[in-house]
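Since the structure comes first, as structure tokens, the remarks are kept for the end.
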Number of protein chains: 2
Amino acid sequence: MDWKSCPAALLEPVFKALAEPSRLRILCALGTECRPVTDIIHATDLPQTNVSFHLRILREAGLVRAERRGAFIYYCLPDPELLAILQSLQLWVAAHDSLASTQDSGRY
Amino acid sequence: MDWKSCPAALLEPVFKALAEPSRLRILCALGTECRPVTDIIHATDLPQTNVSFHLRILREAGLVRAERRGAFIYYCLPDPELLAILQSLQLWVAAHDSLASTQDSGRY
DNA sequence: GCTACATATGTATGTGTGCTCATACTACGC
DNA sequence: GCGTAGTATGAGCACACATACATATGTAGC
């Protein structure tokens, strides 16, 4: 990464949005498809007001797109490439998790 | 991403660790090199105890590696691939930020 | 317009977490 | 061993944020 131009300000809201279990569950529930809020509520088993709250944060972080269809509002990921990036990060973490468990990440 | 196996539990600690401005600054200060804590303190202009606190979180999230060299403890990123992944995410965010500003991400 | 449904917003509260201070640990040089 | 530099830990405080409840907005059908 171009750490010289330290993208902290740019990436921070995205990481903040991703750092919540409920929001990750919502993204999981979304998958690659577009779904109305009701579907997400059922899939995640979270209260409606809670889902709506988190969807707003994800929306403002640019991680989901909202699209009105009649009385329903469909939410979807804005770009399949986002999935690819997150997947590579997931793979990296998984690979390093098994390494880390054999190493010393304790105190000094 | 394989959202079927919902990697929330795996990714959450990583995102939590990345969701802090101070920690992102520390990672920026680290760059691709290994540096002792003192260097990081000067680079980030954060108090020593604070840097140490965040380094621990980054260490436990597997985002930095600690290595003792005499009286110093050097910290570095565990893997250059991590940089690549974060960079692609950064690029994605940057690209979608410019789009988002032209779109409606407000309330419904 | 009224009712019903889908979704969003506002307020209050409790918990988590970052920051600061003081202090303790570790390694090196004398 | 002692002092010093480098680094880590622990306690206390303040603030941000996730949750829950009540309520408002918007859309469709009658």
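Bear in mind that the values here come from a model prediction, so they are computed numbers and not experimental data.
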Would you mind reporting whether [Y] and [X] have side-chain heavy atoms less than 4.5 Å apart?
X	Y	answer
B:Leu18	B:Val14	yes
A:Leu63	A:Tyr75	no
A:Leu27	A:Val64	yes
B:Phe15	A:Val93	no
B:Leu77	B:Arg65	no
A:Leu83	A:Thr32	yes
A:Ile73	A:Pro36	no

Side chain of [X] - closest among [options]:
X	options	answer
A:Thr38	C:dC28, C:dT7, D:dA8	C:dT7
B:Arg68	C:dT26, D:dA8, D:dG26	C:dT26
A:Thr49	D:dT19, D:dT9, C:dT9	C:dT9
B:Ser22	C:dT9, C:dC19, D:dA20	C:dC19
B:Arg59	D:dT7, D:dA8, C:dT7	D:dA8

Provide, to the nearest angstrom, the distance between the [atom1] atom belonging to [X] and the [atom2] atom belonging to [N].
X	N	atom1	atom2	value
A:His42	C:dC5	NE2	C1'	13 Å
A:Phe72	C:dT7	CZ	C1'	11 Å
B:Arg35	D:dG6	CZ	P	16 Å
A:Ile41	D:dT19	CD1	P	14 Å
A:Tyr74	C:dA8	OH	P	14 Å
A:Asp39	C:dC5	CG	P	17 Å
B:Arg56	D:dG6	CZ	C1'	17 Å

- Quiz item: B:Gln48 side-chain donor-acceptor pair to D:dA8 base, under 3.5 Å: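 When only heavy-atom distances are counted, B:Gln48 does reach the base of D:dA8 through a donor-acceptor pair under 3.5 Å.
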- Which part of the nucleic acid does B:Ser52 contact within heavy-atom distance under 4.0 Å: base, sugar-phosphate only, or nothing?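 Touches a base.
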Detail all sub-3.5 Å separations between protein N/O atoms and N/O atoms belonging to nucleotides 12-17 of chain C.
none

Any side-chain N or O of [X] less than 4.0 Å from the OP1 or OP2 oxygen of [N]?
X	N	answer
A:Tyr75	C:dA8	yes
A:Asn50	D:dA20	yes
A:His54	D:dT19	yes

- Query: Quick one: bend of the helix from C:dG1-D:dC30 to C:dC30-D:dG1 from 5 pairs per end, to 10°?
  - Reply: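 Comparing the axis at each end, I get an angle of 30°.
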Test your reading of the model: is there a side-chain donor-acceptor pair from [X] to the backbone of [Y], 3.5 Å cut-off?
X	Y	answer
A:Arg35	A:Tyr74	no
A:Thr44	A:Ile40	yes
B:Arg23	B:Lys16	yes

